[in-house]
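Only heavy atoms go into these numbers, but all of them, side chains included; no hydrogens, no water, no symmetry mates. Order of listing sets the numbers, starting from 1, for every ligand and every atom in it.
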Amino acid sequence: MTREPAPYIGRFAPSPTGPLHFGSLVAAVASYLQARSRQGQWLLRIDDIDPPREQSGASDSILKSLDVYGFEWDGDVIFQSNSLDEHLAALKSLIDRGLAYPCACSRRDLADAPRGPLGPIYPGICRSGCDAPEAAIRLRTDDRAVTFDDALQGLQTQHLERESGDFVIRRRDGLIAYHLAVVVDDALEGITEVVRGMDLMDSTPRQIWLQQQLGYATPGYAHIPVITHPNGDKLSKLTGAAGIPGDQAPRVLNAALLALRQEPPADLGRCALGEVWHWAIENWRLDAMQGETAASVNSGAMAAVEIGLW
Ligand code: GLU
């Protein structure tokens with residue numbers, strides 16, 4: 001008896017903090033090509049649960065850019081803010097089972113906490129109780145190894161208690177923290193593989209820990225190199241990344257393919273958009289980026305600089 005392979009479901013999940021810049025386009029292209037080359041679905045989710053960080057008009061502008069660049073997502077656009085009830089239900093289940101607890105520690109309380117590569121390591125001050133009315137909620141961790149085998153970056157391991165400590169899943173301002181929201185939504189949507197930038201790889205063990213506590217399946221992960229300026233700076237809103245232009249989509253898409261270490265024919269950037277996508281889907285090789293973290297994506301970065309993307 002032959003078994004059908006499980007259907008592939010991927011996603012792109014931008015936060016509406018500004019227009020789509022070249023770095024986010026590259027992540028969108030990678031997740032899209034990975035899904036399409038596996039005859040899978042590709043979902044588009046706007047991670048809009050952090051109003052203080054949101055920029056007005058950014059959701060519309062991101063959707064418009066993706067449309068102009070020819071992305072075809074499956075189903076309706078998903079807005080993370082619509083799954084608030086599910087986020088709260090997951091939070092409640094963690095609290096009810098004693099896996100999460102209120103914490104009123106301020107930044108100042110943690111000023112002397114030891115620091116690791118992920119930031120201050122929570123020393124567990126509120127683990128045994130805290131009755132402040134305005135508290136964050138932290139998820140308990142222990143010192144077991146959380147391990148995953150990244151499709152591009154290989155085996156990754158963190159010991160959360162030692163490396164991050166118990167971490168915040170609901171912020172003091174009442175908002176659900178990114179890690180919890182993303183894990184609940186990926187589970188709701190049945191995501192089978194997360195393809196995203198290396199800058200989020202450090203977060204993955206905390207997300208896997210949450211999946212384990214909530215009884216969710218863990219998807220596969222592939223963390224792609226972050227886009228760096230030829231001078232080494234990471235491309236981001238903070239370093240002045242501009243929104244991608246609407247009038248040069250084939251050329252910019254071609255630069256994204258170069259950044260992803262694909263080897264498009266020399267004149268692909270001058271072809272019609274549909275032809276660029278056709279070539280990209282037919283020839284997609286995720287493993288062309290095997291083990292690459294950042295600096296070596298410069299051919300794409302150079303092309304982006306030539307186009308004036310930053
Ligand atoms: N919304 C997150 C961001 O834009 C990405 C979520 C994810 O890919 O896990 O940084």
Side-chain angles (χ1 to χ4, degrees), residues 9-35 41-55 57-63 65-66 71 73 77-84 86-87 90 118-119 146 148 150-153 156 158 167-169 171 175-211 214 216-227 234-239 241 243-244 260 286 294:
I9 309 180
R11 49 76 159 174
F12 176 55
S15 301
T17 51
L20 196 73
H21 62 67
F22 186 64
S24 357
L25 174 74
V26 168
V29 170
S31 60
Y32 187 67
L33 291 175
Q34 180 72 349
Q41 291 183 51
W42 186 73
L43 309 184
L44 178 57
R45 184 178 79 222
I46 301 285
D47 281 354
D48 60 342
I49 49 147
D50 193 349
R53 283 187 59 223
E54 215 170 290
Q55 192 188 85
S59 291
D60 286 348
S61 141
I62 291 171
L63 294 175
S65 293
L66 291 171
F71 288 89
W73 48 92
V77 179
I78 301 161
F79 289 88
Q80 193 166 48
S81 53
N82 287 339
S83 39
L84 207 54
E86 286 83 356
H87 300 161
L118 308 174
V146 180
F148 69 101
D150 190 89
L152 289 175
Q153 311 300 337
Q156 308 292 319
Q158 278 177 14
F167 59 91
V168 171
I169 52 174
R171 292 170 6 188
L175 294 174
I176 295 292
Y178 156 68
H179 294 308
L180 179 57
V182 85
V183 157
V184 170
D185 286 302
D186 284 346
L188 281 173
E189 290 144 24
I191 301 300
T192 59
E193 187 179 50
V194 172
V195 179
R196 61 184 177 188
M198 270 293 289
D199 49 329
L200 291 168
M201 190 158 83
D202 271 353
S203 305
T204 306
R206 278 170 284 180
Q207 295 174 8
I208 292 176
W209 180 251
L210 263 165
Q211 288 154 2
L214 289 164
Y216 298 160
T218 291
Y221 288 94
H223 287 92
I224 62 165
V226 285
I227 297 301
K234 175 178 174 268
L235 178 62
S236 77
K237 274 153 239 165
L238 295 176
T239 57
I244 48 172
L260 291 165
L286 182 73

Exercise for the section: Would you sort out whether R11 and E189 count as a salt bridge (charged side-chain N to carboxylate O under 4.0 Å, His left out), showing the intermediate values? Expected result: CA-CA 9 Å; R11 49 76 159 174; E189 290 144 24; 5.8 Å; no

Exercise for the section: List for me each residue that meets side-chain contact (heavy atoms from CB on, under 4.5 Å) alongside Q156, sequence neighbours excluded, and say none if there are none. Expected result: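 Counting only residues at least two positions away or on another chain, Q156 forms a side-chain contact (heavy atoms from CB on, under 4.5 Å) with F148, D150, Q153, M201.
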
Handout entry: Under 4.0 Å from ligand 1 - residues by heavy atom, chain and number
Key =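 For ligand 1, the residues that come within the 4.0 Å heavy-atom cutoff are R11, A13, P14, S15, D47, Y178, V182, R196, L200.
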
Practice task
Without swapping roles, check the side chain of E86 against the backbone of D185 for a donor-acceptor pair under 3.5 Å.
Solution key: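 Not confirmed, E86 side chain does not pair with D185 backbone.
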
Exercise for the section: Under the ring-ring contact (aromatic ring centres under 6.0 Å, His included) rule, collect the residues that match up with F12, sequence neighbours excluded. Expected result: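 Here no residue qualifies.
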
Exercise for the section: Mind checking side chain to side chain donor-acceptor pair (under 3.5 Å) for S81 and listing every partner two or more places apart, or none if nothing turns up? Expected result: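 Here the qualifying residues are D48.
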
Practice task
For the residue pair W42 and F71, categorise the inter-ring angle as parallel (less than 30°), tilted (30 to 60°) or perpendicular (more than 60°).
Solution key: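 Ring orientation, 0 to 90° scale: parallel.
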
